[in-house]
Amino acid sequence: MTLEEKVKTIICETLNRGAEEVTPAADFINDLGADSLDLAELVMKIEDEFGSMIDGASIPEEDTASLKSLGAIVEYLKSKGVAEEL
Amino acid sequence: MSTAIVTGSARGIGRAICEKLAKDGVENIVVCDVKAEWCEETVESVKALGANAVAMEINVAEGASIDAGVEAIIKQFGAIDICVNNAGITRDGLLMRMTEEDWDSVLDINLKGAFLMTKAVSRHMLRARKGSIVNIASVVGLMGNAGQCNYSASKGGLVALTKSAARELGARGVRVNAVAPGFIKSKMTDVLTDDVKNRMLSAIPMGKFGEVEDVANAVAFLASDSAAYVTGQVISVNGGMLMP
(Lines give C-alpha, C1' and ligand atoms only; values in the text may rest on other atoms or scores of the structure.)
Protein backbone atom coordinates (compact mmCIF):
# COMPACT_ATOMS: atom_id res chain seq x y z
CA MET A 1 0.00 0.00 0.00
CA THR A 2 1.24 3.50 -0.74
CA LEU A 3 1.39 6.29 1.80
CA GLU A 4 -1.31 8.16 -0.11
CA GLU A 5 -3.65 5.17 -0.10
CA LYS A 6 -3.20 4.69 3.63
CA VAL A 7 -3.81 8.35 4.45
CA LYS A 8 -6.83 8.39 2.11
CA THR A 9 -8.34 5.42 3.92
CA ILE A 10 -7.95 7.22 7.28
CA ILE A 11 -9.54 10.39 5.87
CA CYS A 12 -12.49 8.49 4.37
CA GLU A 13 -13.15 6.77 7.71
CA THR A 14 -12.78 9.89 9.84
CA LEU A 15 -14.80 12.25 7.67
CA ASN A 16 -17.23 9.55 6.56
CA ARG A 17 -16.64 10.32 2.88
CA GLY A 18 -16.35 8.13 -0.21
CA ALA A 19 -12.97 7.46 -1.82
CA GLU A 20 -13.98 9.35 -4.99
CA GLU A 21 -14.54 12.55 -2.99
CA VAL A 22 -11.22 12.50 -1.20
CA THR A 23 -8.99 13.77 -4.00
CA PRO A 24 -5.48 15.03 -3.22
CA ALA A 25 -6.62 18.67 -3.46
CA ALA A 26 -10.05 18.41 -1.80
CA ASP A 27 -10.07 20.81 1.17
CA PHE A 28 -11.31 19.08 4.31
CA ILE A 29 -13.40 22.00 5.49
CA ASN A 30 -14.56 23.67 2.26
CA ASP A 31 -14.97 20.60 0.07
CA LEU A 32 -15.55 17.74 2.48
CA GLY A 33 -17.61 19.49 5.17
CA ALA A 34 -15.27 18.78 8.08
CA ASP A 35 -15.38 20.81 11.30
CA SER A 36 -12.53 21.63 13.67
CA LEU A 37 -13.19 18.57 15.82
CA ASP A 38 -13.03 16.34 12.73
CA LEU A 39 -9.63 17.83 11.94
CA ALA A 40 -8.40 17.24 15.49
CA GLU A 41 -9.53 13.62 15.25
CA LEU A 42 -7.87 13.25 11.87
CA VAL A 43 -4.55 14.51 13.23
CA MET A 44 -4.89 12.09 16.16
CA LYS A 45 -5.39 9.16 13.80
CA ILE A 46 -2.51 10.22 11.58
CA GLU A 47 -0.32 10.39 14.70
CA ASP A 48 -1.48 6.94 15.77
CA GLU A 49 -0.68 5.48 12.37
CA PHE A 50 2.56 7.27 11.56
CA GLY A 51 3.76 8.48 14.96
CA SER A 52 6.42 5.78 15.17
CA MET A 53 7.88 7.02 11.87
CA ILE A 54 8.09 10.72 12.71
CA ASP A 55 10.15 12.62 15.25
CA GLY A 56 8.52 12.99 18.65
CA ALA A 57 5.60 10.74 17.63
CA SER A 58 3.25 13.73 17.50
CA ILE A 59 2.47 16.51 15.05
CA PRO A 60 3.21 19.94 16.57
CA GLU A 61 0.15 22.17 16.94
CA GLU A 62 1.65 24.82 14.63
CA ASP A 63 1.96 22.28 11.82
CA THR A 64 -1.65 21.12 11.96
CA ALA A 65 -3.07 24.27 10.34
CA SER A 66 -1.39 23.42 7.04
CA LEU A 67 -2.86 19.91 6.91
CA LYS A 68 -5.90 20.87 4.86
CA SER A 69 -6.08 18.09 2.30
CA LEU A 70 -4.97 14.56 1.47
CA GLY A 71 -2.16 15.99 -0.65
CA ALA A 72 -0.99 18.29 2.13
CA ILE A 73 -0.86 15.46 4.68
CA VAL A 74 1.04 13.18 2.32
CA GLU A 75 3.58 15.91 1.54
CA TYR A 76 3.93 16.70 5.25
CA LEU A 77 4.57 13.07 6.19
CA LYS A 78 7.09 12.71 3.36
CA SER A 79 8.91 15.79 4.62
CA LYS A 80 9.11 14.08 8.02
CA GLY A 81 10.78 11.07 6.45
CA VAL A 82 7.84 8.70 5.95
CA ALA A 83 8.38 6.54 2.84
CA GLU A 84 5.98 6.71 -0.12
CA GLU A 85 5.65 2.95 -0.15
CA LEU A 86 4.61 1.45 3.19
CA MET B 1 -16.45 -4.12 29.85
CA SER B 2 -16.32 -0.69 31.39
CA THR B 3 -13.42 1.15 32.93
CA ALA B 4 -13.44 4.17 35.22
CA ILE B 5 -10.66 6.37 36.52
CA VAL B 6 -11.21 8.44 39.66
CA THR B 7 -8.56 10.96 40.69
CA GLY B 8 -7.89 11.72 44.34
CA SER B 9 -9.60 8.50 45.38
CA ALA B 10 -7.36 7.34 48.24
CA ARG B 11 -10.01 8.50 50.69
CA GLY B 12 -13.13 10.57 51.25
CA ILE B 13 -15.45 11.42 48.38
CA GLY B 14 -13.12 9.81 45.83
CA ARG B 15 -13.19 6.49 47.64
CA ALA B 16 -16.98 6.61 47.97
CA ILE B 17 -17.24 7.24 44.21
CA CYS B 18 -15.05 4.21 43.46
CA GLU B 19 -17.17 2.03 45.74
CA LYS B 20 -20.45 3.24 44.25
CA LEU B 21 -19.24 2.68 40.68
CA ALA B 22 -18.15 -0.83 41.70
CA LYS B 23 -21.59 -1.53 43.20
CA ASP B 24 -23.20 -0.28 39.99
CA GLY B 25 -21.26 -2.79 37.93
CA VAL B 26 -18.31 -0.86 36.53
CA GLU B 27 -15.78 -3.63 35.97
CA ASN B 28 -12.40 -1.93 36.18
CA ILE B 29 -11.72 0.93 38.54
CA VAL B 30 -8.46 2.82 38.48
CA VAL B 31 -7.82 4.37 41.88
CA CYS B 32 -5.48 7.35 41.52
CA ASP B 33 -3.71 9.52 43.99
CA VAL B 34 -0.38 11.25 44.42
CA LYS B 35 1.10 8.14 46.05
CA ALA B 36 0.14 4.66 44.87
CA GLU B 37 0.38 3.23 48.40
CA TRP B 38 -2.28 5.68 49.62
CA CYS B 39 -4.71 3.95 47.25
CA GLU B 40 -4.45 0.48 48.81
CA GLU B 41 -7.43 0.79 51.16
CA THR B 42 -9.70 1.97 48.35
CA VAL B 43 -8.40 -0.78 46.07
CA GLU B 44 -9.20 -3.40 48.73
CA SER B 45 -12.70 -2.06 49.39
CA VAL B 46 -13.48 -1.95 45.65
CA LYS B 47 -12.23 -5.50 45.20
CA ALA B 48 -14.40 -6.61 48.10
CA LEU B 49 -17.36 -5.32 46.11
CA GLY B 50 -16.46 -7.61 43.23
CA ALA B 51 -14.86 -5.15 40.80
CA ASN B 52 -11.33 -5.17 39.50
CA ALA B 53 -9.27 -2.33 40.99
CA VAL B 54 -5.78 -1.06 40.38
CA ALA B 55 -3.83 1.65 42.17
CA MET B 56 -2.17 4.30 40.05
CA GLU B 57 0.20 7.06 41.06
CA ILE B 58 -0.80 10.25 39.27
CA ASN B 59 0.01 13.84 40.14
CA VAL B 60 -2.77 15.69 38.31
CA ALA B 61 -0.81 18.94 38.34
CA GLU B 62 1.69 17.40 35.92
CA GLY B 63 0.70 16.64 32.34
CA ALA B 64 3.43 14.05 31.89
CA SER B 65 2.22 12.13 34.95
CA ILE B 66 -1.36 12.10 33.61
CA ASP B 67 -0.37 11.11 30.07
CA ALA B 68 1.71 8.20 31.34
CA GLY B 69 -1.13 7.04 33.60
CA VAL B 70 -3.78 7.27 30.89
CA GLU B 71 -1.58 5.40 28.41
CA ALA B 72 -1.03 2.66 30.98
CA ILE B 73 -4.78 2.32 31.53
CA ILE B 74 -5.47 2.14 27.79
CA LYS B 75 -2.76 -0.51 27.43
CA GLN B 76 -4.22 -2.57 30.27
CA PHE B 77 -7.97 -2.16 29.74
CA GLY B 78 -8.30 -0.90 26.16
CA ALA B 79 -10.60 2.03 26.94
CA ILE B 80 -11.65 4.61 29.50
CA ASP B 81 -15.43 4.97 29.73
CA ILE B 82 -15.72 7.09 32.85
CA CYS B 83 -13.39 9.77 34.20
CA VAL B 84 -14.10 11.46 37.52
CA ASN B 85 -11.97 14.52 38.24
CA ASN B 86 -12.18 14.54 42.00
CA ALA B 87 -8.64 15.41 43.12
CA GLY B 88 -8.66 18.64 45.07
CA ILE B 89 -6.96 20.49 47.89
CA THR B 90 -7.65 23.56 50.01
CA ARG B 91 -5.24 26.27 51.14
CA ASP B 92 -7.70 28.55 52.89
CA GLY B 93 -6.93 32.08 54.01
CA LEU B 94 -8.18 35.59 53.70
CA LEU B 95 -7.53 37.19 50.35
CA MET B 96 -5.17 39.80 51.75
CA ARG B 97 -3.07 37.14 53.46
CA MET B 98 -3.20 34.49 50.76
CA THR B 99 0.17 33.77 49.21
CA GLU B 100 0.76 33.36 45.51
CA GLU B 101 1.83 29.80 46.23
CA ASP B 102 -1.48 29.08 48.00
CA TRP B 103 -3.28 30.31 44.90
CA ASP B 104 -1.13 28.42 42.41
CA SER B 105 -1.15 25.07 44.19
CA VAL B 106 -4.95 25.04 44.51
CA LEU B 107 -5.52 26.14 40.91
CA ASP B 108 -2.92 23.66 39.61
CA ILE B 109 -4.49 20.64 41.26
CA ASN B 110 -8.18 21.51 41.26
CA LEU B 111 -8.53 23.19 37.88
CA LYS B 112 -5.49 22.55 35.71
CA GLY B 113 -5.53 18.92 36.85
CA ALA B 114 -9.07 18.48 35.55
CA PHE B 115 -8.18 20.18 32.26
CA LEU B 116 -5.13 17.95 31.71
CA MET B 117 -7.07 14.84 32.66
CA THR B 118 -10.01 15.74 30.40
CA LYS B 119 -7.60 16.43 27.55
CA ALA B 120 -5.89 13.06 27.98
CA VAL B 121 -9.03 10.92 28.26
CA SER B 122 -11.12 12.77 25.67
CA ARG B 123 -8.73 11.64 22.96
CA HIS B 124 -9.72 8.03 23.65
CA MET B 125 -13.38 8.78 24.32
CA LEU B 126 -13.70 10.69 21.03
CA ARG B 127 -12.40 7.71 19.15
CA ALA B 128 -14.82 5.40 20.97
CA ARG B 129 -17.66 7.88 20.34
CA LYS B 130 -18.69 7.56 23.97
CA GLY B 131 -17.58 8.47 27.44
CA SER B 132 -18.64 10.32 30.54
CA ILE B 133 -16.53 12.85 32.39
CA VAL B 134 -17.69 14.08 35.80
CA ASN B 135 -15.97 16.98 37.53
CA ILE B 136 -16.32 17.47 41.25
CA ALA B 137 -17.00 21.18 41.69
CA SER B 138 -18.35 22.73 44.89
CA VAL B 139 -21.15 24.88 46.18
CA VAL B 140 -18.55 27.58 46.87
CA GLY B 141 -17.69 27.62 43.17
CA LEU B 142 -21.27 28.78 42.61
CA MET B 143 -21.74 31.16 45.56
CA GLY B 144 -18.25 32.10 46.75
CA ASN B 145 -16.91 31.76 50.27
CA ALA B 146 -14.88 34.11 52.44
CA GLY B 147 -11.45 32.63 53.05
CA GLN B 148 -11.55 30.47 49.95
CA CYS B 149 -10.80 32.77 47.02
CA ASN B 150 -8.43 30.22 45.53
CA TYR B 151 -10.62 27.16 46.13
CA SER B 152 -13.86 28.81 45.01
CA ALA B 153 -12.18 30.22 41.88
CA SER B 154 -10.88 26.76 41.02
CA LYS B 155 -14.34 25.24 41.49
CA GLY B 156 -16.09 28.00 39.56
CA GLY B 157 -13.53 27.42 36.83
CA LEU B 158 -14.37 23.72 36.86
CA VAL B 159 -18.03 24.55 36.21
CA ALA B 160 -17.05 26.63 33.17
CA LEU B 161 -14.61 23.95 32.00
CA THR B 162 -17.43 21.41 32.28
CA LYS B 163 -19.74 23.48 30.08
CA SER B 164 -17.13 24.29 27.43
CA ALA B 165 -15.92 20.70 27.19
CA ALA B 166 -19.54 19.52 26.98
CA ARG B 167 -20.08 21.83 24.00
CA GLU B 168 -16.91 20.64 22.26
CA LEU B 169 -17.39 16.94 22.78
CA GLY B 170 -21.17 16.56 22.72
CA ALA B 171 -21.41 15.83 19.01
CA ARG B 172 -19.11 12.85 19.51
CA GLY B 173 -21.16 11.21 22.23
CA VAL B 174 -18.87 12.29 25.07
CA ARG B 175 -20.74 13.84 28.01
CA VAL B 176 -19.22 16.20 30.56
CA ASN B 177 -21.02 17.14 33.77
CA ALA B 178 -20.24 18.35 37.25
CA VAL B 179 -21.42 17.62 40.77
CA ALA B 180 -21.30 20.51 43.21
CA PRO B 181 -21.25 19.16 46.76
CA GLY B 182 -22.21 21.38 49.66
CA PHE B 183 -20.89 20.67 53.12
CA ILE B 184 -19.88 17.00 53.13
CA LYS B 185 -18.39 15.20 56.12
CA SER B 186 -14.82 14.31 55.11
CA LYS B 187 -11.18 14.85 56.04
CA MET B 188 -11.28 18.14 54.16
CA THR B 189 -14.12 19.51 56.29
CA ASP B 190 -13.09 17.83 59.60
CA VAL B 191 -10.45 20.52 60.05
CA LEU B 192 -12.99 23.37 60.17
CA THR B 193 -13.74 24.87 63.57
CA ASP B 194 -17.05 24.16 65.33
CA ASP B 195 -17.93 27.80 64.92
CA VAL B 196 -17.60 27.58 61.14
CA LYS B 197 -19.48 24.26 61.07
CA ASN B 198 -22.38 25.66 63.11
CA ARG B 199 -22.58 28.70 60.90
CA MET B 200 -22.78 26.52 57.80
CA LEU B 201 -25.32 24.18 59.39
CA SER B 202 -27.68 27.09 59.98
CA ALA B 203 -27.64 27.80 56.23
CA ILE B 204 -28.66 24.27 55.24
CA PRO B 205 -32.46 23.73 54.97
CA MET B 206 -32.07 19.99 55.55
CA GLY B 207 -30.30 20.76 58.83
CA LYS B 208 -27.45 18.31 58.44
CA PHE B 209 -24.19 17.82 56.60
CA GLY B 210 -23.98 15.49 53.63
CA GLU B 211 -22.27 12.11 53.47
CA VAL B 212 -19.67 11.16 50.87
CA GLU B 213 -22.16 8.59 49.54
CA ASP B 214 -24.60 11.39 48.67
CA VAL B 215 -22.03 12.83 46.29
CA ALA B 216 -21.07 9.41 44.94
CA ASN B 217 -24.71 8.67 44.06
CA ALA B 218 -24.96 11.79 41.89
CA VAL B 219 -21.62 11.03 40.22
CA ALA B 220 -22.70 7.46 39.48
CA PHE B 221 -25.91 8.72 37.86
CA LEU B 222 -24.04 11.15 35.60
CA ALA B 223 -21.46 8.50 34.74
CA SER B 224 -24.11 5.95 33.78
CA ASP B 225 -26.27 5.49 30.70
CA SER B 226 -29.22 6.66 32.82
CA ALA B 227 -27.85 10.14 32.11
CA ALA B 228 -27.40 9.45 28.38
CA TYR B 229 -28.98 12.79 27.37
CA VAL B 230 -27.45 14.87 30.17
CA THR B 231 -24.40 17.00 29.41
CA GLY B 232 -22.97 20.35 30.50
CA GLN B 233 -24.97 20.25 33.73
CA VAL B 234 -24.12 20.84 37.35
CA ILE B 235 -25.97 18.75 39.92
CA SER B 236 -25.90 20.33 43.35
CA VAL B 237 -25.77 17.94 46.30
CA ASN B 238 -26.03 20.38 49.18
CA GLY B 239 -29.13 19.78 51.30
CA GLY B 240 -30.65 22.94 49.87
CA MET B 241 -27.78 25.19 50.96
CA LEU B 242 -27.88 26.95 47.59
CA MET B 243 -30.75 26.95 45.12
CA PRO B 244 -29.52 28.59 41.92
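Note that the structure is predicted; figures quoted are calculated from it, not measured.
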Extract all donor-acceptor atom pairs below 3.5 Å that involve side chains of residues 16-25 of chain B and protein atoms in other chains or at least two apart in sequence.
residue, atom, partner, partner atom, Å
Glu19(B), OE2, Ser45(B), OG, 2.8
Lys20(B), NZ, Asp24(B), OD1, 3.2

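Contacts between Glu47(A) and chain B at a heavy-atom distance below 4.5 Å involve the side chain alone, from C-beta outward.
Taking CZ of Arg172(B) as the start and CG of Leu37(A) as the end, the distance is 4.0 Å to the nearest 0.5 Å.
For Arg17(A), the CZ atom sits in a packed shell: over 12 heavy atoms of surrounding residues, nucleotides or ligands are nearer than 6.0 Å. Counting heavy-atom neighbours within 6.0 Å of Glu37(B) CD, excluding the residue itself, gives a total above 12.
For Lys119(B), the side-chain contact (heavy atoms from CB on, under 4.5 Å) partners are Phe115(B), not counting sequence neighbours.
The residues Glu41(A) and Arg123(B) are annotated as not salt-bridged, no charged nitrogen and carboxylate oxygen being separated by less than 4.0 angstrom.
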